Amino acid sequence: MNRKGLAILMRTRMRLTDPNKLSVSPNEASRVQSDTGHSESDENFVRVASEGYVQKINSPSNSERDFNVVRESMHAAISMNKTEVMDAILNNFSEGYHSLSHDNRRKLLIALARDYDVNRKQVRELIQQYLGLEFPGGDKSQPTTFDEGGLLAALYRTERNLRHALKPMYQILFERLNTHPGGLKFLSILRADILSMLAEENIASLRALDSYLKEKLVTWLSPATLELHRITWDDPASLLEKIVAYEAVHPINSLIDLKRRLGIGRRCFGYLHPSIPGEPLIFIEVALLKNVAQNIQEVLWDHPPIPESEATCALFYSISSTQSGLVGINLGKFLIKRVIELVKKDMPHVSTFATLSPIRGYMKWLLFKLGSQSKLAEAEKEGISCSLERSSSSTFRENILQPEEEKALLESSVEFTSGENGMEMMLNLLTSKNYEWTKSDRLLSVLQAPLMRLCARYLIQEKKRGKALDSVANFHLQNGAVIERINWMADRSEKGLSQSGGIMVNYIYRLDKIEENAQSYFATGSIQASSDLRRYLQPEKEHEEKTT
């Protein structure tokens, strides 16, 4: 093994099992310590943001004092105007923040959100002052009289003061950190912690803080500030180690696997920012193929790959973000479009741009459907009124299986599981230990039709706030893609089976329709899907027509 390979391997082994989690709560401490080889009784370890290493924090006896020191440095970073000492103050604040426990970070961020928020008393006074001013009348094209000019000046001055008053004081901290070396990375760490805390408790002031910081990050991470970089085996080991650590879709299992993904017939591109050198904010992996792949095995394990001159399809098979603090900032949208432009320019013979994507929420949705419908069916059979169920839930009674599907399930599943109806038997099969249903050709054959049909329904019809329920589908649809095809048993890994029953989906980016599709989806939630995919829904439509 060469020196670079050894360096990547050693650093990757040092990372924790979840590279996207920025900090740990006390309840998680023992798990993290176990992963890193430290004693489970040691309560003084906390994960340093996004680096995957562990550092010792101060002892509990010094906790309150350390919190007050960091809070004072935060106040100084906001209130002081001496530029010659600002770098030192910001360094003290960021270093001190890293040393805080989870609870003290929470206290500090809540203090930041509440104590440095908008001065609402001042805003109210300015609004009252503004409403008390007279508005000049008359034709704007006519010369402004002296009195009108004075009124306009008062209006403009009050409006300016109001705009200034509506800016929270923590804006100063964010803007100073953004121009400070390492500050942008630190801001993403702050936001990751804020999001983690909001997941535990919805605090209005903290949510406002997050919203404001997100707006700032969107501005500071515009495409104009990002550098598109093709990642190759010749890049520094420190950068390649980030690719191994943060690959979130299909884990990189070895150095050979990594080298294959960066070699002939493959491309890897990342967005880098000057303020976070040597670390891609997001990266995308591309396979150059003759046709759109139908399973992940042929993408990850084909060897040798086809000559690049024979490729007609660029397949995006993994997009991973390295910063959990940038959740909700759609860098992937710009990345995909830039990569399409670059590949098209360098390889004119590539005419198809597609994905082979996971369907992360499908099995969760389906199991919930099967469970709730089985309960309603059982209650109905026992003659129990379902009105109470309906009043407390949006679930309504439907047999989500077609008659022929239910019949086949009942006939084929008796030796494997039991159940009062087809839905209950299907639920028992899909939740069986070690995915036993995937080891029977008979069960695979019986389950294929309903799982594929319901997957098409999930992708095309199931929505949240007018947009696709599935997060990956929503991402590609808002970028202008079309749902082209779903693929049976395309990912047989444990992750693939647990997320989507092994089914994967191809999205197609048709260059002449990207903007039109994106606008249509954004405006109306209209989902573009191929006729082949919509054909899966035809049995449902026919069944509805027969029963009405």
Side-chain angles (χ1 to χ4, degrees), residues 247-253 257 260-261 265-268 283-302 305 313-321 332 336 339 352-367 430 435 437-439 443-445 447-462 468-479 481-510 527-537:
E247 165 55 66
V249 185
H250 304 292
I252 297 173
N253 299 311
D257 188 10
R260 183 188 295 116
R261 296 193 195 195
R266 298 293 180 267
R267 297 288 187 274
C268 182
F283 60 92
I284 187 169
E285 295 171 68
V286 187
L288 301 172
L289 307 169
K290 285 187 176 180
N291 301 296
V292 179
Q294 298 186 50
N295 66 73
I296 195 61
Q297 288 76 27
E298 64 181 285
V299 175
L300 296 179
W301 303 114
D302 67 325
C313 171
L315 187 89
F316 309 128
Y317 64 94
S318 179
I319 304 176
S320 300
S321 173
I336 285 178
V339 169
T352 301
F353 296 88
T355 80
L356 183 61
S357 301
I359 314 170
R360 292 178 181 164
Y362 173 47
M363 198 53 58
K364 180 180 179 181
W365 169 83
L366 179 58
L367 294 178
L430 295 177
Y435 307 100
W437 61 277
T438 62
K439 300 168 186 176
L443 288 179
L444 283 171
S445 177
L447 287 169
Q448 180 174 356
L451 285 178
M452 293 287 276
R453 177 179 59 79
L454 291 166
C455 185
R457 168 180 164 176
Y458 170 73
L459 290 172
I460 297 174
Q461 295 181 340
E462 298 298 322
L469 179 59
D470 187 79
S471 60
V472 178
N474 182 59
F475 170 78
H476 287 294
L477 290 167
Q478 69 180 357
N479 292 344
V482 175
I483 309 177
E484 184 69 15
R485 181 178 64 196
I486 51 178
N487 305 291
W488 179 244
M489 287 293 109
D491 183 0
R492 289 176 172 265
S493 69
E494 183 176 349
K495 184 178 180 181
L497 292 171
S498 66
Q499 288 184 343
S500 61
I503 302 172
M504 298 189 78
V505 57
N506 297 122
Y507 298 96
I508 299 288
Y509 284 87
R510 295 192 172 90
I527 293 178
Q528 301 297 319
S530 68
S531 56
D532 287 342
L533 188 64
R534 291 190 181 278
R535 204 167 288 133
Y536 282 106
L537 303 180

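Just so it is clear, the structure is predicted and the values come from calculations on it, not from any experiment.
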## Note on the structure
Taking every heavy atom of A293 against every heavy atom of N487, the minimum-distance pair comes out as O-ND2, 4.4 Å
### Task
First locate atom CD of E298, then atom CG of L315, and finally report the distance between them rounded to the nearest 0.5 Å.
8.5 Å
### Message
Nearest 0.5 Å, please: how far is CG in N295 from CG in D491?
### Response
9.0 Å
### Query
For the residue pair G501 and M363, what are the closest heavy atoms and their distance?
N-CE, 3.1 Å
### Message
Nearest 0.5 angstrom please: L537 CG to L454 CG, how far?
### Response
9.5 Å
### Task
Test side-chain contact (heavy atoms from CB on, under 4.5 Å) on Y507 and N479 and set out the steps.
CA-CA 11 Å; Y507 298 96; N479 292 344; over 6 Å; no
### Message
Quick one: does any side-chain atom of E247 pair with a main-chain N or O of V249 as donor and acceptor, under 3.5 Å?
### Response
yes
## Note on the structure
P305 and G265 have their tightest heavy-atom pair at CB-CA, 4.5 Å
#### Entry: Minimum-distance pair of heavy atoms, taken over all atoms of M452 and I503
SD-CD1, 3.9 Å
### Query
What is the minimum heavy-atom distance between A248 and S320, and which atoms define it?
N-OG, 3.0 Å
### Short side-chain to backbone donor-acceptor contact, T352 and C313, under 3.5 Å
no
### Message
Can you confirm whether F475 sits close enough to I336 that some side-chain heavy atom of one is under 4.5 Å from a side-chain heavy atom of the other?
### Response
yes
### Message
With heavy-atom distances below 4.5 Å as the criterion, would you say the side chains of L451 and M489 are in contact?
### Response
no
### Message
Is it the case that atom CZ in R360 sees more than 12 heavy atoms from other parts of the structure closer than 6.0 Å?
### Response
no
### Task
List in chain and number order the residues that pass side chain to side chain donor-acceptor pair (under 3.5 Å) with Y458, two or more places apart in sequence or in another chain; answer none if no residue qualifies.
D470
### Task
Would you sort out whether R534 and I460 count as a side-chain contact (heavy atoms from CB on, under 4.5 Å), showing the intermediate values?
CA-CA 8 Å; R534 291 190 181 278; I460 297 174; 3.5 Å; yes
### Query
If you look at every heavy atom in I483 and V505, which pair is closest and at what distance?
CG2-CG2, 3.7 Å
### Summary
CD1 (I284) and SG (C268) are apart, to the nearest 0.5 Å, by 9.0 Å
### Query
Should T355 and Y317 be marked as a side-chain contact (heavy atoms from CB on, under 4.5 Å) after you check the CA-CA gap, both sets of side-chain angles, and the distance that decides it?
CA-CA 6 Å; T355 80; Y317 64 94; over 6 Å; no
### Query
Under 3.5 Å, side chain of R485 to main-chain N/O of V292, donor-acceptor pair present?
yes
### Message
Does K290, at its NZ atom, have more than 12 non-hydrogen atoms belonging to other residues, nucleotides or ligands within less than 6.0 Å?
### Response
no
### Query
Can you tell me how far NE2 of H250 sits from CZ of R261, rounded to the nearest 0.5 angstrom?
7.5 Å
### Query
Below 4.5 Å, heavy atoms only, C-beta onward: do S498 and Y435 meet side chain to side chain?
yes
### Query
Can you list every salt bridge (charged side-chain N to carboxylate O under 4.0 Å, His left out) pair that touches residues 496-505, not counting sequence neighbours?
none
### Message
Evaluate V472 against Y362 for side-chain contact (heavy atoms from CB on, under 4.5 Å), listing each step before the verdict.
### Response
CA-CA 11 Å; V472 178; Y362 173 47; over 6 Å; no
### Query
Rounded to the nearest 0.5 Å, how far does CG of L430 lie from CG of L367?
6.0 Å
### Query
Which residues satisfy the side chain to side chain donor-acceptor pair (under 3.5 Å) test with N474, sequence neighbours excluded?
Y521
